[in-house]
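Contents: one structure, followed by commentary.
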Amino acid sequence: MASSTPYTVRWGIMATGWIAEVFTKDLLANPAHRNVNDVRHEVAAAASSSSKDRAADFLSLVKAPSSAKAYGSYHELVADPDIDIIYVATPHSHHFQNAMLALEAGKNVLCEKALTVTASQARKLVETARAKGVFFMEAVWTRYFPLSIQVRDLISSGAIGNVYRTIADLSVGRDAADGKIDFADSNRMVNPDLAGGALLDLGIYALTWVFQTLYHVQPEEQKEAPTVVAAINKYHTGADETTSMIVQFPQHKSHGIALTSLRVASDVDGKGSGGASIRIQGSTGEIQVVGPAYCPLQYRVIKKDGGGQVEVVDCPIPKDPESGWGQGMFWEADECARCLRDGRKESKTLPWSESIAIMDVMDETLRQGGVVYPEVITTDVYDAQSPLNTGKRAYERTHVHGIYEAIAPHFSATRYKPWPAVGSFLRSRAAGAVGLDVGCGNGKYLGVNPDVFMVGSDRSPSLITLARGRCMQLQAQQGNTAGAGTGGEVGGAVVGTDVLVADGLSLPFRERAADFAICVAVIHHMSTRARRQEAVRQLLRCVKLGEAGQAGGQVLVYVWALEQGTSRRGWDEGGEQDLLVPWVLKSQQKQQKKQRGTKNQDIGGGDSNKGGGAPPTPTVAAPAEPGAAPSHTDLVFQRYYHLYRRGELEEDVLAAGGVVVSSGYERDNWWVVAANEPVPQGQQ
Ligand SMILES: NC(=O)C1=CN([C@@H]2O[C@H](COP(=O)(O)OP(=O)(O)OC[C@H]3O[C@@H](n4cnc5c(N)ncnc54)[C@H](OP(=O)(O)O)[C@@H]3O)[C@@H](O)[C@H]2O)C=CC1
Ligand SMILES: O=C1OC[C@@H](O)[C@H](O)[C@H]1O
């Protein structure tokens, strides 16, 4: 119902990435140019989890009005009373926690697709929206296109008879010559930490077409949840690269074939020569939808008795002539506005139950294909302080990963002696055992026991380059010139080492692959307890289980202690546990002098594994650790540490599902030897 004064919705934009930009520019396009006069949109604020500056830059990029506020955290955004609805534009991995943050704050929410990582998360969001009495919708923009509305209307009117089959494909050909996919492993498209993979990002659109043509149009009382048979090819990161689903509605005698891939393309030459990517097949005709499944611009109707005539309907996206902008995302925003205006909590075009039904299909598909995402992104337990809500990732990126990248050579030059207790642990491992060194830094532990096979991993590519050099050196020393990662028999001793870049929170090793693992001075760099516990869980996952009465694989973990009463640092019981600790990069001249005179016993929380982010901006000559005052030419990098209090590491082992074999304190560090719960005999 149109009124003379358009209903105005004030939007808060959560995240500042690609789609946030596209959507926000669409919000700012004049609705009159798409013949919409009953609603309008205002951009009230944007928030970045990285910094307030980034949010401000985003607002100026999209040309938001100067009244729009910039926030440096998602928490501040959802607390703003001048916002009616939050648009969640973070990666899929974050949707559950971020949407929940907004719903819990009593905000209406439009959340990007795929709604969540799991169906159970989607159900929790819906329950919360219902309990809070707020509007909530999944942002599948395609549903609100005039083209989609026309196609659904044609089906409902019986224009092609009973629809028995829909074939829908959304695939992008990013196959690379070296067998890889043309996305960096860290990219959200293939990174399991960000719920990457073809299905959740692209397959959702193929399923959208299956659902809006076979399910949405079913009469309410006959709505039928489908079954699914799926096949998945996994990429080396663990995300799905090609996924095919047969979605069956047995009572309606219909099949949906939903296809998606990062290897092959729906539009093979980028010119549309591949034909329609969606075919909706009815008893008396067929509708073909042309263009990418997320943003099709044409459909064709072919009737069985049409004598070869094809009706072609173009549905262009109107642009705002002033800005030249218009991408078609404004239609879903208009739907949100109308729902808010009319007091509706869910959209009839994409009801909650339908989003959940689609998530159920995706859940089952991932299950059948064996795709497993990390717990931190699949949990359906809301945590306002989850790193997904606080942006601690950015904090670690700045104060851990980036720093190790920047200081790697200096760090390595001062960290070459194995800690004695770690050395003893390694030397006591059985000959032929396979061990992991998670957060291996420059690889100083890799050659301690030449009778075991060691695989080192680290988050920092620069440190791994140094560690790789160390592997080569070890093998050369032992007469094996074959190079790192090869192993071989040398003078009776077996040499086997290899190194790779990997994040301690998503280790690429097969479950139970190792006999033991070490993780020295790594976990204290993780900025939430959940992440620290997840790191322990990952280590335990990689080592063998023990049968009743028999020890399984052991995991040695070292972390920096809060109780450092005897050290010069002055930290002790009851003090602040989360600290920034300076790393002073001495001016070159001083460094050379120091290295010549160094007797580095090298114990203390100075090692790390974390690296790979953007290089941090060091300060010059900030106060350093007591006794190490920097001069004005020194660079000072602030590294983040969580200092463990007595007993905390053991608690984390238990929380991660492990058992404590032994534990103790050694020179400013707490350590623990952990293992998995022994498996009762006969159950292994
Ligand atoms: N409807 C559509 O056509 C499209 C929808 N999408 C959907 O939008 C969502 C975002 O995709 P897209 O914009 O391409 O992604 P981008 O990587 O471009 O942006 C994601 C943003 O999320 C924030 N963020 C918070 N935590 C993280 C993290 N750990 N890693 C990366 N980013 C983080 C960042 O903003 P900040 O630092 O400011 O917090 C970042 O800029 C996805 O769910 C995707 O499926 C994507 C493209 C098209
Ligand atoms: O939603 C989307 O549509 C367009 C694609 O390029 C993008 O990867 C996806 O997120």
Side-chain angles (χ1 to χ4, degrees), residues 13-24 26 45-59 61 70-77 87-99 101 110-117 138-145 170-174 183-184 186-208 260 262 265-267 291-296 317 327-333 362 374 376-377 386-398 401 503 505-506 531 613-614:
I13 312 298
M14 186 184 279
T16 59
W18 173 40
I19 208 59
E21 180 187 335
V22 176
F23 178 82
T24 311
D26 259 23
S48 168
S49 59
S50 325
S51 71
K52 186 177 172 180
D53 284 353
R54 184 165 164 154
D57 288 349
F58 172 84
L59 288 169
L61 174 76
Y71 291 118
S73 77
Y74 299 163
H75 280 262
E76 288 170 279
L77 181 78
Y87 170 59
V88 176
T90 51
H92 326 313
S93 45
H94 290 48
H95 291 176
F96 170 70
Q97 295 292 350
N98 297 166
L101 183 74
L110 172 66
C111 179
E112 257 311 328
K113 41 57 64 176
L115 188 55
T116 47
V117 184
E138 180 181 7
V140 183
W141 58 317
T142 322
R143 288 248 177 179
Y144 308 91
F145 275 37
L170 179 59
S171 300
V172 293
R174 300 294 292 256
F183 286 113
S186 57
N187 190 292
R188 72 166 186 83
M189 294 298 289
V190 291
N191 181 352
D193 290 346
L194 299 177
L199 178 64
L200 291 176
D201 192 68
L202 303 171
I204 173 82
Y205 289 107
L207 285 170
T208 288
T260 186
L262 302 174
S266 320
D267 183 4
Y294 51 82
C295 179
I317 296 173
Q327 297 294 322
M329 304 198 88
F330 35 56
W331 286 310
E332 68 181 347
M362 295 208 282
V376 67
I377 66 167
S386 157
L388 308 176
N389 279 329
T390 60
K392 289 282 189 186
R393 150 202 71 101
Y395 193 72
E396 285 174 24
R397 194 166 59 194
T398 308
H401 311 157
D503 189 324
L505 291 179
S506 68
R531 285 165 75 74

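Each ligand, and each atom within it, is numbered from 1 in the order the structure gives.
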*What's the verdict on side-chain contact (heavy atoms from CB on, under 4.5 Å) for Asp57 and Ser48, showing C-alpha distance, side-chain angles and the deciding distance?*
CA-CA 10 Å; Asp57 288 349; Ser48 168; over 6 Å; no
*Residues in contact with ligand 2, criterion: heavy atom under 4.0 Å*: Trp18, Lys113, Arg188, Met189, Asp201, Leu202, Tyr205, Tyr294
*asked:* Donor-acceptor pair, distance only, cut-off 3.5 Å: does the side chain of His95 make one with the backbone of Val117?
replied: no
*Could you see which bit of His92 sits under 4.0 Å from ligand 1, with heavy atoms only: side chain, backbone, both or neither?*
both
*Under 3.5 Å, side chain of Asn98 to main-chain N/O of Val88, donor-acceptor pair present?*
no
*Where the closest heavy atom to atom 38 (O) of ligand 1 is concerned, which of Ile13, Asp57, Thr16 has it?*
Thr16
_Under 4.0 Å, heavy-atom basis, I'd like to know which part of Val140 is in contact with ligand 1: side chain, backbone, both or neither._
neither
*List every atom of ligand 1 that sits less than 4.0 Å from any heavy atom of Ser49, numbering the atoms from 1 in the order shown and giving each element.*
25 (C), 36 (P), 37 (O), 38 (O), 39 (O)
_Under-4.0 Å heavy-atom contact with ligand 1, by part of His94 that carries it_ = side chain
*Would you say Ala47 has any N or O atom under 3.5 Å from an N or O of ligand 1, going by distance alone?*
no
*With respect to atom 32 (N) of ligand 1, which of Ala139, Ala55, Pro91 exhibits the smallest heavy-atom separation?*
Pro91
*Can an N or O of Ala20 be found at a distance shorter than 3.5 Å from an N or O of ligand 1?*
no
*Any chance you could measure Arg174, atom CZ, to Met189, atom CE, to the nearest 0.5 Å?*
7.5 Å
*If only atom types and distance count, is the side chain of Thr260 paired as donor or acceptor with the main-chain N or O of Leu170 below 3.5 Å?*
yes
*Give a yes/no on ligand 1: does Phe23 have at least one heavy atom closer than 4.0 angstrom to it?*
no
*4.0 Å heavy-atom contact, Tyr294 with ligand 1*: no
*Report the part of Ala89 in contact with ligand 1, treating N, CA, C, O as backbone and CB onward as side chain, heavy atoms under 4.0 Å; options are side chain, backbone, both, neither.*
backbone
*State whether Lys52 and Glu76 are salt-bridged, where the test is any N-O pair (Lys NZ or Arg NE/NH1/NH2 against Asp/Glu carboxylate O) under 4.0 Å.*
no
*Examine distances only and state if a side-chain atom of Gln97 and a backbone atom of Asn389 form a donor-acceptor pair shorter than 3.5 Å.*
no
_Measuring from non-hydrogen atoms of Met329 to any atom of ligand 1, is the shortest distance under 4.0 Å?_
yes
*Determine the interplanar angle of the Tyr294 and Trp141 rings, folded into 0 to 90°, and report it as parallel if under 30°, tilted if 30 to 60°, perpendicular if over 60°.*
parallel
*Just which atoms of ligand 1 are under 4.0 Å from any heavy atom in Leu194?*
28 (C), 29 (N), 30 (N)
*asked:* Using a 4.0 Å cut-off to any heavy atom of Arg54, which atoms of ligand 1 qualify?
replied: 37 (O), 38 (O), 41 (O)
*Are Ser93 and Val376 side-chain neighbours, meaning at least one heavy-atom pair lies under 4.5 Å?*
no
*Short list, please: which atoms of ligand 1 are under 4.0 Å from a heavy atom of His95?*
43 (O)
_Closest candidate by heavy atom, reference atom 18 (O) of ligand 1, pool Tyr205, Phe58, Tyr71, Trp18_ = Trp18
*Using the salt bridge (charged side-chain N to carboxylate O under 4.0 Å, His left out) rule, collect all pairs that involve residues 188-208, keeping only residues at least two apart or in two chains.*
Lys113-Asp201, Arg188-Asp201
*Does any non-hydrogen side-chain atom of His94 lie less than 4.5 Å from one of Ile377?*
no
*Which bit of Asp193 is near ligand 1, meaning a heavy atom under 4.0 Å away: side chain, backbone, both or neither?*
neither
_Asp267 (side chain) donor-acceptor with Gly291 (main chain) under 3.5 angstrom_ = no
*Under 3.5 Å: donor-acceptor pair, side chain of Ser266, backbone of Ser171*: yes
*Would you find a donor on one side and an acceptor on the other, under 3.5 Å apart, between the side chain of His75 and the backbone of Thr390?*
no
